[in-house]
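First the structure, in the form of structure tokens, and then the observations on it.
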Amino acid sequence: MTRHARNCTAGAVYTYHEKKKDAANSGFGTTSRRIGKDSVKSFDCCSLTLQPCRNPVITKDGYLFDKEAILTYIISKKNEHSRKMKEYEKQVKQDEEEETAKANAEEQKKLDKFISTEKNIVSNKAVIPTVEQPSTSGAISNVSLGKRKELPSFWVPSQTPAAKISRIEKPDSKIYCPVSNKPLKAKDLIEVKFTLVKDPADKKSLIAKENRYMCAVTHDILNNSVPCAVLKPTGDVVTIECIDKIIRKDMIHPLTSEKLSESDIIPLQRGGTGFATTNEKLEAKEQKPCLQV
């Protein structure tokens, strides 16, 4: 067993403890941290603004948004699609004009060739073609044999070949959810109705309260550690436990006695706490250069 000095230079063994200590002191290596409760989105917060929803709406996939925020997002995406569509239509029009100009140029070239041939036939003078002799110095010039006009000069700005603008693909008219990346329509948004906790002794504002909402049927307190679901016909928020033990028996809405189906039960996507993983990753990794021995 080798003995180690403070700077780990006395032996050939570099233990895990020493490596971890040096990495922590130097700031290099991969850092993994458990995300705390304050870093996780609450179940009643908007997925865009990360603030408690004033007018909550939910998608078919169970993602909660503030109505104002998600409608603003949809309108901005529609405006962006309209702008991209105008650019695409302009590109298509330019392509059509270029094709038309190219076809006209071909026709004009054929016409000029025909006129030149007719003039040669009518003319009485014999035209002797002259061929430019190559250079006798032994080197082949880029501008010899009439190639001066064909080969561009890269050192002359006027003769430098111009770069073509990148092609624009036809924009997709669909609007996708910013979280699930699935097609999203404004008419598919479902209004959510949270049931407030009735506690006369608690006079704090709604945002300052720790227990803000409760199940509409069992009156259980709702938080990130309690799985919830939204009943589509009325928008009431209930716990999954209530659905499993009460609603699924007869598939009848307990508040309105309305017949329900499986599609009417939308699980509410939520963030996890700092101690248990639910449907979100709670570990953040920061990649850094590792120490090399």
Side-chain angles (χ1 to χ4, degrees), residues 34-67 69-70 177-182 184 188-284:
R34 174 68 65 174
I35 297 178
K37 182 180 178 181
D38 296 337
S39 301
V40 181
K41 182 183 76 68
S42 180
F43 75 100
D44 60 337
C45 290
C46 174
S47 299
L48 285 176
T49 62
L50 304 180
Q51 298 296 324
C53 297
R54 292 179 294 179
N55 298 316
V57 292
I58 195 172
T59 63
K60 293 181 179 179
D61 301 314
Y63 293 99
L64 192 71
F65 294 98
D66 196 336
K67 190 173 184 179
I70 192 62
C177 177
V179 182
S180 63
N181 202 24
K182 294 182 179 179
L184 177 66
D188 295 335
L189 298 175
I190 303 163
E191 293 188 3
V192 178
K193 187 191 302 180
F194 284 108
T195 305
L196 296 174
V197 176
K198 299 177 181 179
D199 187 3
D202 192 358
K203 298 182 179 180
K204 296 180 181 179
S205 62
L206 183 62
I207 298 178
K209 290 181 180 179
E210 293 184 4
N211 301 326
R212 293 192 284 263
Y213 303 113
M214 63 182 180
C215 175
V217 179
T218 63
H219 291 184
D220 292 335
I221 301 299
L222 303 181
N223 51 47
N224 274 15
S225 60
V226 179
C228 309
V230 177
L231 301 179
K232 186 177 178 180
T234 59
D236 290 307
V237 181
V238 296
T239 61
I240 296 295
E241 184 180 4
C242 172
I243 291 175
D244 294 336
K245 294 183 177 180
I246 300 176
I247 298 177
R248 288 191 190 278
K249 290 182 178 180
D250 301 323
M251 292 303 290
I252 295 177
H253 199 299
L255 301 178
T256 61
S257 300
E258 184 180 352
K259 193 69 177 177
L260 297 176
S261 62
E262 285 295 333
S263 60
D264 293 332
I265 301 174
I266 304 174
L268 183 62
Q269 302 293 338
R270 58 198 171 93
T273 63
F275 304 97
T277 305
T278 53
N279 56 353
E280 299 289 341
K281 285 188 176 181
L282 296 177
E283 190 176 62

statement: Exactly one candidate in K193, E258, H253 meets side chain to side chain donor-acceptor pair (under 3.5 Å) with T234; the answer is H253
task: Check whether the side chains of D44 and S42 place a donor and an acceptor atom closer than 3.5 Å, and report yes or no.
output: yes
task: Looking only at non-hydrogen atoms, find the nearest pair between C53 and C46 and report the distance.
output: SG-N, 3.4 Å
message: Can you give me the closest heavy-atom contact between I240 and C228, atom names plus distance?
response: CD1-O, 3.7 Å
From [X] [atom1] over to [Y] [atom2], what is the distance, rounded to the nearest 0.5 angstrom?
X    : Y    : atom1 : atom2 : answer
I70  : L64  : CD1   : CG    : 10.5 Å
K198 : H219 : NZ    : NE2   : 7.0 Å
D220 : T195 : CG    : OG1   : 11.5 Å
I190 : I266 : CD1   : CD1   : 3.5 Å
Y213 : N223 : OH    : CG    : 13.5 Å
I58  : F65  : CD1   : CZ    : 9.5 Å

task: Give the C-alpha distance, both sets of side-chain angles, the deciding distance and a yes or no for side-chain contact (heavy atoms from CB on, under 4.5 Å) between K41 and S47.
output: CA-CA 8 Å; K41 182 183 76 68; S47 299; 3.9 Å; yes
Carboxylate-amine/guanidinium proximity below 4.0 Å for R248 and E262: yes
- request: Carefully, step by step, assess V238 and I243 under the rule side-chain contact (heavy atoms from CB on, under 4.5 Å).
  value: CA-CA 7 Å; V238 296; I243 291 175; 3.7 Å; yes
field: side-chain contact (heavy atoms from CB on, under 4.5 Å) between V179 and T59, intermediate numbers included
entry: CA-CA 10 Å; V179 182; T59 63; over 6 Å; no
Counting N and O atoms only, with roles assigned by atom type, does the side chain of [X] sit under 3.5 Å from a partner on the main chain of [Y], one being a donor and the other an acceptor?
X    : Y    : answer
E191 : G235 : no
D244 : E241 : no
N224 : F43  : yes

- line: Of V237, V57, N55, the one forming a side chain to side chain contact (heavy atoms under 4.5 Å, CB included) with V192 is V237
- request: Step through the shown structure and confirm whether more than 12 heavy atoms of other residues, nucleotides or ligands are within 6.0 Å of NZ on K259.
  value: yes
